[in-house]
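Reviewing the structure listed below.
Naming convention: chains lettered A, B, ... in sequence-line order (proteins, then strands); numbering from 1 in each chain. Heavy-atom basis, side chains included; hydrogens, waters and symmetry copies ignored.
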Number of protein chains: 2
Amino acid sequence: MFTYLPTMNHNLLLESISKHIQLEDNEQQHFLSYVQVKKVKKKEYLLMEGEVNHYAMFVNSGCLRSYTMDKNGFHYIQQFAPEGWWIGDMYSLITKEPGKLCIDALFDSELLLISRVNLDRVYKEIPKFNFYFRVLAEKSLVSFQTRAMENLSLHAKERYEKFCFRYPTLIDKISQKQVAAYIGVTPEFLSKMLHKDPKVNSDFFDVD
Amino acid sequence: MFTYLPTMNHNLLLESISKHIQLEDNEQQHFLSYVQVKKVKKKEYLLMEGEVNHYAMFVNSGCLRSYTMDKNGFHYIQQFAPEGWWIGDMYSLITKEPGKLCIDALFDSELLLISRVNLDRVYKEIPKFNFYFRVLAEKSLVSFQTRAMENLSLHAKERYEKFCFRYPTLIDKISQKQVAAYIGVTPEFLSKMLHKDPKVNSDFFDVD
DNA sequence: ATTTTTAGTTAATCTATGTTATTTTTTTTA
DNA sequence: TAAAAAAAATAACATAGATTAACTAAAAAT
């Protein structure tokens, strides 16, 4: 049977898991034997459009992003994954088909990878991981349900505010261009939006 | 121990479950003892904004919809749930907090309800339901991830086409008003979009 | 350190979609 | 089946955000 000694690299992940399920020592070691550490440089790709995604990725440090591209080369960012977040192309992971997402690193990052194959083993051998990933999937679902509605109903300014709220640690670390691709406007429009003087309140001069 | 004889009302649900997990007869009966049948009339509410959602709902026949409202009274439809679909306010179900969704019936419908409390019992007593609902949550997640991106990147015409593809059984059953609220345009604009002649190709007359 | 590349700013013009209002058609209810 | 209510169609006008282009500032690469 595989075992693996937990190292500092695993702290963040084990912490996330322990919030939802309790693992015996041997279960923890067994699980970690399926996990591999990977370091990537800024701009390095973890997944390109049309590839099958073989790994669920947990971000230990740094930040990843997943995005799609349209025929004009425009980017639309589906998700940022700063420290402590999971990321992957769920469609491709589930179906084992090539996906439409690209995933790359916004900064030098350290990741923990678990392959789809090993994840299936984990589900079989330590069934309570079904509980852990069910809860995670449900939370992520709520978040994307909310964003799908926000993207229909809110103006760019309001979507910007939601972004700031959702990723408070990123606002001053990533470029406006990335934020624009997340809220779905052109960088030119975002720039204008952030610089235009708040409209002067002209009520003071209203007559009648 | 609770048991319950499966009736015709449960066929569709049991079929959905058996696609993902295999239940022993006693597990099936145990599970069904937690499920109640409910019939609702067209326009009847299952959940109103600000209420806590106590039930996950499975649609046996008819169709439900979940939606949010903005301050101007505009509706934004998060999901239709025709026959064989689950629906609920996942945020409220998870957190037990009041949610922002309304859920009501577009037609007379028959539902199977399982309360949050009983669902927690099911997870504990028949752990493989964690697998079933994990897989469902993951599929639903993919669907909402995709829609969130589509709502940013596609024009109304394309969102209309995606709607037709996603709910092929609904196109000729629900009003344009509902479709407009799903794709995020005004009913006036949708009407114009569907009636405007496809632009005549004037290239033939181009000079130089 | 200098060059090259990328990101951000600004502004004029354009377009997809919203707004308001009126009329017609369809559906629901009495 | 008539009356009332809701949905759909149409059209004139308004606006949020896109497009294009030129310029400046900041990073990255040599």
Side-chain angles (χ1 to χ4, degrees), chain A residues 40-44 62-63 65 67 69-77 80 104-108 149-163 170-199 202, chain B residues 40-44 62-63 65 67 69-77 80 104-108 149-163 170-199 202:
Chain A
V40 291
K41 287 293 195 185
K42 185 171 176 169
K43 291 195 180 171
E44 199 172 312
C63 183
R65 107 246 230 222
Y67 62 97
M69 285 176 311
D70 67 15
K71 46 260 162 192
N72 309 314
F74 263 90
H75 287 40
Y76 299 91
I77 294 178
F80 296 106
D104 64 8
L106 254 22
F107 312 111
D108 295 358
M149 292 301 92
E150 288 170 358
N151 289 350
L152 278 190
S153 61
L154 301 184
H155 284 189
K157 192 77 194 294
E158 301 167 295
R159 298 203 300 276
Y160 180 80
E161 283 155 12
K162 296 284 179 183
F163 161 81
L170 291 186
I171 313 168
D172 47 352
K173 284 197 207 130
I174 68 179
S175 63
Q176 274 180 217
K177 201 187 174 201
Q178 303 305 326
V179 178
Y182 180 86
I183 67 174
V185 297
T186 57
E188 291 86 351
F189 183 75
L190 179 57
S191 173
K192 188 207 285 184
M193 197 180 86
L194 294 176
H195 286 257
K196 191 149 50 188
D197 291 348
K199 206 170 40 219
S202 55
Chain B
V40 291
K41 287 294 197 183
K42 185 171 176 170
K43 291 193 180 173
E44 199 171 312
C63 184
R65 104 244 233 223
Y67 62 96
M69 283 176 313
D70 68 15
K71 47 259 163 194
N72 309 314
F74 264 89
H75 287 40
Y76 298 92
I77 294 178
F80 296 106
D104 64 8
L106 289 175
F107 313 111
D108 294 359
M149 292 302 92
E150 289 170 357
N151 289 349
L152 278 190
S153 61
L154 301 184
H155 283 190
K157 191 75 194 296
E158 303 168 294
R159 299 204 300 276
Y160 179 79
E161 283 155 12
K162 297 283 181 184
F163 161 80
L170 290 186
I171 312 168
D172 48 352
K173 284 199 205 128
I174 68 178
S175 64
Q176 274 180 216
K177 202 186 174 202
Q178 303 305 324
V179 177
Y182 180 85
I183 68 175
V185 296
T186 58
E188 292 86 350
F189 183 74
L190 179 57
S191 173
K192 188 206 283 186
M193 197 180 85
L194 294 176
H195 285 260
K196 193 151 48 191
D197 292 348
K199 214 189 7 245
S202 56

Exercise for review: Identify, between B:Thr186 and A:Ile174, the residue whose nearest nucleotide on DNA chain C lies closer to the 5' end.
Suggested key: A:Ile174
Exercise for review: Test B:Leu152 against A:Tyr182 for side chain to side chain contact (heavy atoms under 4.5 Å, CB included), laying out the working first.
Suggested key: CA-CA 9 Å; B:Leu152 278 190; A:Tyr182 180 86; over 6 Å; no
Practice item. Starting from C1' on C:dT9, measure out to CE on A:Met193 and report it in whole angstrom. Key: 15 Å
Review point. What nucleotide, of D:dG17, C:dT9, C:dT17, holds the atom closest to the side chain of B:Val185?
Key: C:dT17
Revision key, fill the gap. Whole-Å distance, B:Tyr76 OH to C:dG18 C1', equals 10 Å
Check your understanding: Hey, which of B:Lys41, B:Lys42, B:Arg65 is the one that makes salt bridge (Lys or Arg N to Asp or Glu O under 4.0 Å) with B:Asp104?
Key -> B:Arg65
**Study point:** Nucleotide D:dC13, atom P - distance to CD of B:Glu188 in whole Å
**Key:** 17 Å
Practice item. Check for a donor-acceptor pair, side chain of B:His75 on one end and backbone N or O of B:Gly73 on the other, with a separation under 3.5 Å. Key: yes
Review point. Is any side-chain nitrogen or oxygen of B:His195 closer than 4.0 Å to OP1 or OP2 of D:dA8?
Key: no
Check your understanding: Rounded to whole angstroms, how far apart are CG on B:Leu194 and P on C:dA16?
Key -> 16 Å
Review point. Is there a donor-acceptor pair under 3.5 Å between the side chain of B:Glu158 and the backbone N or O of B:His155?
Key: yes
Practice item. Would you indicate, yes or no, if D:dA8 has its OP1 or OP2 atom less than 4.0 angstrom from a side-chain nitrogen or oxygen of B:Ser191? Key: no
**Study point:** Length of the NZ-C1' vector between B:Lys177 and C:dT26, whole Å
**Key:** 14 Å
Check your understanding: Separation of A:Gln176 atom CD from C:dA7 atom C1', in whole Å?
Key -> 9 Å
Exercise for review: Describe the nucleic acid contact of B:Lys43 in one word from base, sugar-phosphate, nothing, applying a heavy-atom distance below 4.0 Å.
Suggested key: nothing
**Study point:** Interatomic distance, B:Asp70 CG vs C:dG18 C1' [rounded to whole Å]
**Key:** 13 Å
Exercise for review: Starting at atom CG of A:Leu190, determine the distance to atom C1' of D:dA16, rounded to an integer number of angstrom.
Suggested key: 14 Å
Exercise for review: Identify whether any heavy atom of A:Lys157 sits under 4.0 Å from a base atom; if not, whether one sits that close to sugar-phosphate; answer base, sugar-phosphate or nothing.
Suggested key: nothing
Revision key, fill the gap. Assert: residue with more 5' nearest nucleotide on DNA chain D, out of B:Gln178 and B:Phe189, is B:Gln178
Check your understanding: How would you label the contact of A:Ser175 with the nucleic acid (heavy atoms, under 4.0 Å): base, sugar-phosphate, or nothing?
Key -> sugar-phosphate
Exercise for review: Please determine if a side-chain N or O atom of B:His155 lies less than 4.0 Å away from the OP1 or OP2 oxygen of C:dA16.
Suggested key: no
Practice item. Kindly say whether A:Phe74 contributes a backbone atom to a donor-acceptor pair with the side chain of A:Asn72 at under 3.5 angstrom? Key: no
Review point. Within less than 4.0 Å of OP1 or OP2 of C:dT28, is there a side-chain N or O belonging to B:Lys42?
Key: yes
